[in-house]
There are 2 protein chains.
Amino acid sequence: MTSRLEALCLEKGLKMTGQRRVIAQVLSDADDHPDVEEVHRRAAQIDSRISIATVYRTMRLLEDVEVIERVDLGDGRARYEEASADHHHHLIDTRSGRIIEFASPELEAIKEKIARDLGYKIVGHRLEIYGVPLDDAGEGQ
Amino acid sequence: MTSRLEALCLEKGLKMTGQRRVIAQVLSDADDHPDVEEVHRRAAQIDSRISIATVYRTMRLLEDVEVIERVDLGDGRARYEEASADHHHHLIDTRSGRIIEFASPELEAIKEKIARDLGYKIVGHRLEIYGVPLDDAGEGQ
DNA sequence: TTTGGAATTGCGAACGGTTTGCAGTATGAT
DNA sequence: ATCATACTGCAAACCGTTCGCAATTCCAAA
Ligand SMILES: [Mn+2]
Ligand SMILES: [Mn+2]
Ligand SMILES: [Zn+2]
Ligand SMILES: [Zn+2]
């Protein structure tokens, strides 16, 4: 069975190797934002002969052809998610590490207006919110 | 003459050494967003006996006591600016590298609402816009 | 099918920004 | 002035990521 991402890779004309198939599989199955080491860990469970260097190279390749997107969540490493049609941002729960996705047309509109007013055309942007649950916001330290 | 930042450091009760005084001077004079190496370069012009390790340590210290703020502009290194009363974000001109500061109460309000609706209290956030000048947005490649 | 050349892989070494252990030095409270 | 403590410079270690190289794999053409 060829995974969703493997199909995408074929469309893009990428040479499909065993390790790329495994990585495509892992990324198709993921519903979170794994870093390279986590992708490698999951890939190694399917085929242990896969090296971290290949994962690094493949992630970069997939990013270049826009099959996946790099996400910077502020910890030192690069995280990834499947490139999706729906643009969104992330709220990071600093207590639990949970990542909540959100989209906001109003926010995007304001961002556009800010750039336009400054005489700029947007070519990219980044936004993350870090927060703690309202419920236990007063508790602990 | 004790620099603005040196005074702040004294208020915070920091032990003031020669190298800290120089770094405080450099940061007081800066009106941009220098990285550690740039701070070191400027500091070395005042006193060449200052080591990069000390600059790293001092930047971290000043950040901890909230005399300066770390800015992540997407290039690999940490950049810094004086901690100021007025919160703002950055628009990075990807053609020239120029950094334009802006603030937007509307944007902050929307951000607050998003977090609240998700059941979160904001403890931090990050936003940068990358853009190119409208004028020459169509030119070149 | 077999083949051949180009692309990909695994390994380990190198990278760039940052931190750290240590022995020596400076600071500022007494 | 003294002295404990905090700070410094240096070099080595760190961490995520990239890269050079020789060996392997892919796949298009024969
Ligand atoms: Mn996401
Ligand atoms: Mn700024
Ligand atoms: Zn957006
Ligand atoms: Zn803000």
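Computed from a prediction, not measured in an experiment: that's the story for all the values here. First the proteins, then the strands, lettered A, B, ... as listed; each starts at 1. Atom set for the values below is all heavy atoms of this structure, side chains included, hydrogens, waters and symmetry mates excluded.
If you take CG of A:L10 and P of D:dA28, they are 11 Å apart, rounded to a whole angstrom. Rounded to whole angstrom, the span from the CD1 atom of B:I50 across to the C1' atom of D:dT8 amounts to 10 Å. The separation between A:D35 atom CG and D:dT17 atom C1' is 12 Å, rounded to whole Å. Atom P of nucleotide D:dC10 and atom NE2 of B:H40 are separated by 9 Å, given to the nearest angstrom. Between the CG atom of B:L61 and the C1' atom of D:dT8 there is a distance of 13 Å, rounded to whole Å. Computed from coordinates, the A:D72 CG to D:dG16 P distance equals 14 Å when rounded to whole Å. Atom CD1 in B:I23 sits roughly 12 Å away from atom P in D:dC7 (whole-Å rounding). Summarising the geometry, the separation between CD on B:E63 and P on C:dG17 is reported as 18 Å, rounded to the nearest angstrom.
Comparing atom distances between the A:A78 side chain and each of D:dT17, C:dG28, C:dG17 picks out D:dT17 as nearest. When distances are taken from the side chain of A:E37 to each of D:dG16, C:dG17, D:dC27, the shortest belongs to D:dG16. For A:K15, taking side-chain heavy atoms from C-beta onward, the closest of the listed nucleotides D:dG16, C:dA6, C:dT20 is C:dA6.
At the phosphate of C:dT19, neither OP1 nor OP2 sits under 4.0 Å from any side-chain N or O atom of B:Y56. Taking 4.0 angstrom as the limit, A:Q19 places a side-chain polar atom (N or O) nearer than this to OP1 or OP2 of C:dG10. Residue A:T17 places no side-chain N or O under 4.0 Å from the OP1 or OP2 atom of C:dA7. Between A:T54 and C:dT8 there is no side-chain N or O to OP1 or OP2 distance below 4.0 Å. Residue B:S51 places none of its side-chain N or O atoms closer than 4.0 Å to OP1 or OP2 of D:dT8. An OP1 or OP2 oxygen of C:dC11 is reached within less than 4.0 angstrom by no side-chain nitrogen or oxygen of A:R49.
In summary, the side chains of A:E101 and A:H33 do present a donor paired with an acceptor at a separation below 3.5 Å, with no hydrogens or angles considered. Side-chain atoms of B:H89 and A:H125 include no donor-acceptor pair closer than 3.5 Å. Counting only N and O atoms by type, the side chains of B:E81 and B:H88 include a donor and acceptor under 3.5 Å apart.
Cluster annotation: B:I46 and B:I52 are assigned to the same hydrophobic cluster (Ile/Leu/Val/Met/Phe/Trp/Tyr, side-chain heavy-atom contacts under 4.5 Å, transitive).
Residues A:L14 and B:R79 both approach DNA chain C. Their nearest nucleotides, taken by heavy-atom distance, put A:L14 toward the 5′ side.
Side-chain atoms of A:S28 come within 3.5 Å of backbone N or O of A:A24 as a donor-acceptor pair. Checked by atom type and distance alone, the side chain of A:K12 pairs as donor or acceptor with a backbone atom of A:V65 at under 3.5 Å.
Here A:R20 lies in heavy-atom contact (under 4.0 Å) with sugar-phosphate atoms only. Heavy atoms of B:I52 sit nowhere under 4.0 angstrom from any nucleic acid atom. Nucleic acid contact class of A:R57 (heavy atoms, under 4.0 Å, all strands): base.
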